[in-house]
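Worksheet for the structure shown next.
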Amino acid sequence: MSSIEITLPDGSKQSVAAGTSPIDIARSISPRLADAAIVAKVDGELYDLTRPLEKDANVQILTNKDPEALVVYRHSAAHLLAAAVLELYPETQLGIGPPIDSGFYYDFDRATPFTPEDLQKIEKKMWEIQKRHLPYERIHTRKEEGLRKYADAWMKCQLIDERAGEVFTEYTLGPHFIDFCRGPHVPDTSRLKAFKLLSIAGAYWKGDEHNKQLQRIYGTAFFNQKDLEDYLHRIEEAKRRDHRRLGKELELFTLNESVGAGLPLWLPKGATVRRLLEEYILERERAAGYQHVYTPHLAKVELYKRSGHWEHYQDSMFPPMDLETEQMVLRPMNCPHHILVFESSQHSYRDLPVRIAELGAMYRYERSGVLSGLSRVRSMTLNDAHIFCTPDQIKEEFTSVMKLVEQAYRDLGITQYRYRLSLRDKADKEKYVDNDEMWELGERVLREAMDSLGLPYVEVPGEAAFYGPKLDIQLADVMGHEETYSTIQVDFHLPSQFDLHYVAADGKEHRPVMIHRAIVSTMERMISYLIELYAGAFPLWLAPMQAIVLPITDRQTEYARTVQKTLDAAGIRATVDERSEKVNLKIREAQLQKIPYMLVVGDREQENGQVAVRNRKHGDQGAKSLAEFIAEIRALIASKAVSE
Ligand code: TSB
Ligand code: ZN
């Protein structure tokens, strides 16, 4: 028998008989490795552990340490799901069943809808099959034979017809299951140690709404029970914190079909939180030397042709409105307007940096599939500013913007974030302005600024703005999904498009640099984050309602109103629950509304000018004079304490 040479990742070589499989090689290295092995990588391609090797190759054994192995593992779990479904409901036809980021799914065509009880039954059957140690067997089938064999299986036939070569591979699992599949898979079902079915949804065949609707069963799988439980816990937590749900429950915002997708309506309580955030950031900016302006939400198309938005950013813009003599367009960014503000007067080097700021409303045509509550919308208000400065002022400006960001995050209680240096994709001449020199300069400036602050960052190509690189600050939600919030962008392009200049010390005209920056992102995105961060229980200083007065009986209603008025006069947002309900019920409801302080007032409190204080987190705090309570809570508000 001929022999072949296997090269292992450490560079060592083995001579083995042709037809040896990766699992044999794993065994020869160590039995432990063979036990932990999930799949192999042969010359860069994923291989079943049992697939014979026919020629010299680089072989790597992947275990539960490799993310690529998890994908294979989940794909195998999807097959296990389908095998269980076929055993229970043999009339079912199979669609596709791939691994996905969060686990796997399988699409089924079956006249009777699956119920949640069916899901339990299927999962039980999966465990039964798992215990049978059934192998995932790879077989080769000729295309014509496949089409004949599967004449009754309409989806499989279509797939084979469209995708199969002369000969294609199939995988079997037990007597009932066989699927058109490229693989690879784990060697047998006993490898699958932790999985769970999660939900049932409708899905169109090939994602096309003109096609038949199938039933999609979602599940997830992990290498061990602990990882699975952590994940399930995170999903529960994500549901509990979901800002779309809490936004409704706490009456913060609403979305209405009559207005349109991605166009939120801020309800009074949400509007209060937003106004507090706006006032907060405006004050910080004012103190940091920003000048605030107001500019219109639309402009002539020509303005965006000049800026480059029309050429590079049109996909994200609403189409223009045709007027009699001109075309207007909703602005997707505020930069061109701020440039015109800068340009409205002459500037000498002594004026620089000029910092033009606005809570700027902007409109982006985000595709309907990506819209989500407040976090990705079509109408939004950005805490925006454009700094016009000399090249040697960039670093200092960058640093003070960073300080503003850090201060704001401290005050908002945001502690988990990552820095991303977002660069252009050099090959993409359509999305990014074509000017190598300018890009290299911008990137260098940002790198230097970050390095001198000693901050860690990851560089990601293809995420820059069309006009320049950005330093983005990324926050993750409970599921680990990251979005950009704060951003600082260096731009040499727009100043030249608008032929901006200032008079320098040498008496000549020089071109300023622009820094685009947003500290707390859009009000929409930041508030979606804060809702989830605090699960709706906003820190005292941001809470739409800070205290609620709860009279025990109608006898104290008058006193309760006086308490509320006194709080109001002290700048504390308070209300009275005047309903003739039991005080315990009122407390429960106030608790659900996540109001930081409940002030219970009965005869005794009324006589002594007191309130019995209950905190939403710590419960009963005892009776206090109203004046004492006010002094305490005002101190907490002023300190922007994030947990009272
Ligand atoms: C900072 N011209 C710059 C500005 O001067 C600009 O608009 N940059 S941006 O395109 O990156 O947008 C700024 C921030 O707005 C993003 O970092 C992101 O946090 C937020 N944002 C962008 N699109 C949306 C959206 N569809 N919904 C909610 N917030 C968004
Ligand atoms: Zn801008």
Side-chain angles (χ1 to χ4, degrees), residues 243 253 255 261-264 266 274 277 281 285 290 293 295 303-304 307-309 312-313 315-318 330-342 355-388 397-398 401 404-405 408-409 414 417 419-422 424 431-433 460 463-477 482-495 497-498 513-530:
H243 81 276
F253 70 93
L255 288 155
L263 303 169
W266 292 80
R274 170 173 169 168
L277 180 63
I281 196 67
E285 287 174 344
Y290 287 81
V293 298
T295 58
L303 183 64
Y304 299 98
S307 66
H309 285 83
H312 301 286
Y313 203 69
D315 263 7
S316 304
M317 294 170 69
F318 280 96
L330 284 168
R331 68 176 175 195
M333 293 195 194
N334 308 311
C335 347
H337 285 98
H338 289 185
I339 288 173
L340 300 180
V341 169
F342 177 80
R355 307 181 189 92
I356 310 286
E358 179 176 9
L359 291 169
M362 46 193 214
Y363 303 85
R364 294 186 182 176
Y365 178 45
E366 300 277 5
R367 299 304 180 263
S368 54
V370 300
L371 295 172
S372 170
L374 283 184
S375 63
R376 189 171 289 275
V377 289
R378 287 177 171 167
S379 71
M380 65 206 90
T381 299
L382 183 64
N383 149 232
D384 204 357
H386 295 91
I387 303 173
F388 300 83
E397 285 306 298
F398 182 92
V401 169
L404 273 178
V405 171
Y409 283 14
I414 299 171
Y417 48 94
Y419 301 102
R420 180 180 82 184
L421 182 54
S422 303
R424 72 176 157 158
K431 197 165 150 198
Y432 303 103
V433 167
V460 181
E463 292 290 346
F466 75 83
Y467 43 75
K470 324 188 269 171
L471 190 283
D472 289 329
I473 302 181
Q474 307 289 109
L475 309 192
D477 65 15
E482 271 190 4
E483 285 282 6
T484 302
Y485 284 73
S486 314
T487 181
I488 315 177
Q489 314 170 350
V490 179
D491 177 7
F492 298 95
H493 173 71
L494 291 179
Q497 287 304 104
F498 286 87
V513 183
M514 261 173 90
I515 299 175
H516 308 238
R517 47 105 284 186
I519 306 295
V520 293
S521 175
T522 53
M523 299 307 121
E524 288 73 14
R525 186 166 289 180
M526 181 50 84
I527 286 173
S528 78
Y529 182 82
L530 294 174

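FYI, side chains are in, hydrogens and waters are out, and symmetry mates aren't considered; it's all heavy atoms of this structure. One-based numbering, in listed order, for ligands and for the atoms of each.
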Exercise. Thinking salt bridges, do Arg376 and Glu483 make one under a 4.0 Å N-O criterion?
Worked result: yes

Exercise. Are Arg274 and Glu524 within salt-bridge range, i.e. N to O under 4.0 Å?
Worked result: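 The answer is yes: the pair qualifies as a salt bridge.
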
For this session: Could you check His386, His338, His493 and say which one makes a ring-ring contact (aromatic ring centres under 6.0 Å, His included) with His516?
Result: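 Running ring-ring contact (aromatic ring centres under 6.0 Å, His included) over His386, His338, His493 with His516 returns exactly one hit, His386.
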
Atom indices of ligand 1 within 4.0 angstrom of [X] heavy atoms, with elements:
| X | answer |
| --- | --- |
| Ser375 | 27 (N), 28 (C) |
| Leu382 | 1 (C), 4 (C), 7 (O), 13 (C), 14 (C), 15 (O) |
| Cys335 | 2 (N) |
| Glu366 | 23 (N), 25 (C), 26 (N) |
| Arg376 | 26 (N), 27 (N) |

Under 3.5 Å between some N or O of ligand 1 and some N or O of [X]?
| X | value |
| --- | --- |
| Tyr485 | yes |
| Ser521 | yes |
| Ser486 | no |
| His386 | yes |
| Val377 | yes |

Problem set entry | Heavy-atom pair of closest approach, residues Leu371 and Gly262 | CD1-N, 3.8 Å

Exercise. Mind checking whether Tyr363 and Phe318 have ring centres under 6.0 Å apart?
Worked result: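 Ring centroids of Tyr363 and Phe318 are no less than 6.0 Å from each other.
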
What protein heavy atom is closest to [atom], reported as residue, atom name and distance in Å?
| atom | result |
| --- | --- |
| atom 11 (O) of ligand 1 | Gln489 NE2, 3.3 Å |
| atom 29 (N) of ligand 1 | Thr522 OG1, 2.8 Å |
| atom 18 (C) of ligand 1 | Arg525 NH1, 3.4 Å |
| atom 24 (C) of ligand 1 | Met380 SD, 3.4 Å |
| atom 22 (C) of ligand 1 | Arg364 NH1, 3.3 Å |

Tell me which part of [X] gets within contact of ligand 1: side chain, backbone, both or neither, using heavy atoms under 4.0 Å.
| X | result |
| --- | --- |
| Asp384 | side chain |
| Glu483 | neither |
| Tyr467 | side chain |
| Ala465 | neither |
| Lys470 | side chain |

Any luck finding a side-chain donor-acceptor pair between [X] and [Y] under 3.5 Å?
| X | Y | value |
| --- | --- | --- |
| Arg424 | Tyr467 | no |
| Gln489 | Asp472 | no |
| Gln474 | Thr484 | yes |

Mind checking whether [X] and [Y] have side chains closer than 4.5 Å, heavy atoms only?
| X | Y | value |
| --- | --- | --- |
| Leu475 | Ile414 | yes |
| Ile387 | Tyr290 | yes |
| Asn334 | Leu382 | yes |

Problem set entry | Set of residues satisfying side-chain hydrogen bond (donor to acceptor under 3.5 Å, both in side chains) with respect to Thr295, sequence neighbours excluded |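 Thr295: side-chain hydrogen bond (donor to acceptor under 3.5 Å, both in side chains) contacts with Arg331, Glu358.
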
Exercise. Can you find a non-hydrogen atom of Tyr529 under 4.0 Å from ligand 1?
Worked result: no

Problem set entry | Partners passing ring pair (Phe, Tyr, Trp, His ring centres under 6.0 Å) against Phe466 (at least two apart in sequence or in another chain) |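 Only His309, His312 meet the ring pair (Phe, Tyr, Trp, His ring centres under 6.0 Å) criterion with Phe466.
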
Exercise. For Tyr409, what residues pass the ring pair (Phe, Tyr, Trp, His ring centres under 6.0 Å) criterion, not counting sequence neighbours?
Worked result: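 Tyr409: ring pair (Phe, Tyr, Trp, His ring centres under 6.0 Å) contacts with Tyr417.
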
Problem set entry | Residue pair Met523, Leu359: steps toward the side chain to side chain contact (heavy atoms under 4.5 Å, CB included) verdict | CA-CA 9 Å; Met523 299 307 121; Leu359 291 169; 3.8 Å; yes

Problem set entry | Protein N, O or S within less than 2.8 Å of the Zn ion (ligand 2), waters excluded |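 Near the Zn ion (ligand 2), the protein supplies Cys335 SG, His386 NE2, His516 ND1.
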
For this session: Go through the steps to decide whether Arg420 and Glu463 satisfy the test salt bridge (charged side-chain N to carboxylate O under 4.0 Å, His left out), and finish with yes or no.
Result: CA-CA 9 Å; Arg420 180 180 82 184; Glu463 292 290 346; 3.4 Å; yes

